Amino acid sequence: MQKYDLLIKNGAVVLADKVENCTIAVKDGKIAAISTAEIAAEEAREVLDAKGLTVMPGAVDCHTHFGIYAPMDKDVNSESKAALTGGVTTMMSYFRTGAHYMNKTGPYHEIYKEALEQAAGNAYCDYCFHLAPMDNLQVQEMEWLVEQGVVTFKYFMFYKGLNLGANSTVSPTMSDCYDLGHLYNIMEEAARLNTMLKNEPISVSVHCEDDEVIKAFIKKVNDAGLKGLQAYSEARPPIAERVAIMKAGTVANATGAKLNILHITSAEALQATRDLLKIYPNIKLRRECTLHALGLTWEMLQGNNCAKVNPPLRTKADNEALWEALKQGEINWVGSDHAMTPKALKLDDDMWGSCCGFGGTSLVYPFMVSEGLKHGLSLPRIAELVSTNPAKAHAAWPKKGSMEVGADADFALINLDLEKTVHAGADFSAQEYNVFEGIKLKGWPVITILRGKIVYKDGKILGEPTGEYVKRPC
Ligand SMILES: [Zn+2]
């Protein structure tokens, strides 16, 4: 009997601090050895020759939205395929009760179980969920949710005063008290639960945009006659991000909760996080940005309502400020904020009436390798940003995001010389368009491996959906 299930030979392996030619041995879905010494082919049932390829840890896309605008089971199925094409082997998805998603409200004891049932057997990559407690009863469910493997919670700063349920029979919050006090309660409970666990795995992720500032600016852009994505960007200006960041940070510091500031889009928002660290040196703060906040601007896409997203697209100067923060180590990870939004919900002649969000998970490695190398990031730093750090921050490490013996054998094998133009439809997503359409990227995954099995190769998804639920903390 062979000692290993799989050997990956001749690849340039991206380790934590260097890139080295070595052989990876896999046994029972886990990394069994990483060695610069020869491991004989006879020792394994299968040998994969990775000559000319760079072996990165499978990406952990920690910001996605399964089931937001499509039935949960179908969306998990199609969008997890898209993930594999981008070298993503774990998707972490936000979920809440209320409008969109499953259009249901009630206790997570019922609805979370239902969401898990719908996801089960449909995912092509591994997955887990972050949940948003929308009312006080759901805050009381956080302890039970931690037992179910949910250690990350979400709060939306902009839901409070905006009428976001106008086109729905169910309001997004289903609560009259969705305000800063509610965030305080969530954070207080998160901090309390952390004291009962090893390594404080629980954190609260906050979408930082202030609804009251947005309301005032919507009026300003309408009065000025602005249109399209410019109007949207200026209606939700960086100052709305700053105000929300300062509030969320103040509450996090007071409660001792770990705070993840999601999808920072602007130089101003970034500066606000620096200010927070100055005011509250002991704050437990992590910072995220997205592919589109690094690579797209409203000017590039003005008139294309498909690119409407919260927080909105900004300017080239903002993109560059975020790249600089990645280089300086200020931003901890990059996610896609993947939310498959059907074209039918994007109205060509009605920007305000179009739904927000779009897909992006299939570009996690292609975009970050292509643009990251151009911006002076090393391959180990890129792997840290899309795999190791998101896994650590969301308590999925060292099972996920780790190029170490004992970790899950999840890999993206990348051809650094392969140049392709982004086209909708090439990634198995159900979304009919791609906001990165026509952009040339260099460095694409050609093989994706999930727990030792080749699940994507040369443009094809292989086998059935074998993705598993990742119960955290790992
Ligand atoms: Zn999101």
Side-chain angles (χ1 to χ4, degrees), residues 59-70 72 75-76 79-80 82-83 86 88 90-102 115 127-134 150 152-159 162 164 172-173 178 183 203-211 214 232-233 236 240-241 244-245 248 259-266 269 286-296 306-314 322 331-342 345-346 354-364 367 386 390 393-394 429 431 435-436:
V60 176
D61 192 353
C62 66
H63 194 151
T64 71
H65 295 268
F66 280 144
I68 181 168
Y69 300 123
M72 180 64 86
D75 208 44
V76 168
E79 304 319 297
S80 61
V88 173
T90 304
M91 287 176 97
M92 298 181 168
S93 180
Y94 285 97
F95 181 76
R96 58 162 172 74
T97 54
H100 302 309
Y101 297 96
M102 285 163 49
Y127 61 95
C128 59
F129 290 92
H130 319 291
L131 298 186
M134 304 308 288
V150 177
T152 38
F153 299 94
K154 183 168 185 182
Y155 180 82
F156 306 80
M157 299 289 283
F158 71 95
Y159 272 2
L162 296 176
L164 294 152
T173 63
Y178 199 80
L183 175 60
S203 59
V204 180
S205 297
V206 182
H207 180 133
C208 290
E209 289 187 284
D210 187 85
D211 59 300
I214 293 171
Y232 201 64
S233 189
R236 305 174 76 105
E241 284 188 86
I245 286 167
L259 167 64
N260 308 316
I261 296 184
L262 300 181
H263 43 43
I264 292 169
T265 66
S266 59
R286 278 92 60 105
R287 290 170 277 187
E288 174 189 88
C289 78
T290 60
L291 306 177
H292 51 273
L294 292 163
L296 302 178
C306 290
K308 182 183 173 190
V309 64
N310 293 333
L313 298 182
R314 304 287 185 208
L322 295 175
I331 290 178
N332 301 81
W333 66 82
V334 180
S336 70
D337 202 355
H338 184 92
M340 193 290 289
T341 310
L345 300 180
K346 298 284 196 177
S354 293
C355 280
C356 295
F358 44 72
T361 194
S362 61
L363 297 177
V364 168
F367 179 85
V386 302
H394 299 86
S429 169
Q431 189 178 284
V435 293
F436 288 85

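Computed from a predicted structure; not experimentally measured. For the single chain, residues carry numbers from 1 onward in sequence order. We count ligands from 1, going down the list as the structure has it; atoms in each ligand are counted the same way.
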Arg96 to Tyr155 six-membered ring, cation-pi geometry met (6.0 Å, 45°)
no
For the aromatic rings, using the six-membered ring if either is Trp, is the centroid distance between Phe436 and Phe367 under 6.0 Å?
yes
Students often mix this up, so state it plainly: with edges at 30° and 60°, are the rings of Tyr159 and Tyr178 parallel, tilted or perpendicular?
tilted
Compute the centroid of each ring, for His338 and then for His65, and state whether the two points are separated by less than 6.0 Å.
no
Is the Zn ion (ligand 1) less than 2.8 Å from an N/O/S atom of His207, whether that atom is in the backbone or a side chain?
no
Looking only at N, O or S atoms, which one in Asp337 sits nearest to the Zn ion (ligand 1)?
OD1
Tell me which N, O or S atom from His63 is the closest to the Zn ion (ligand 1).
NE2
Does His263 bring an N, O or S atom to within less than 2.8 Å of the Zn ion (ligand 1)?
no
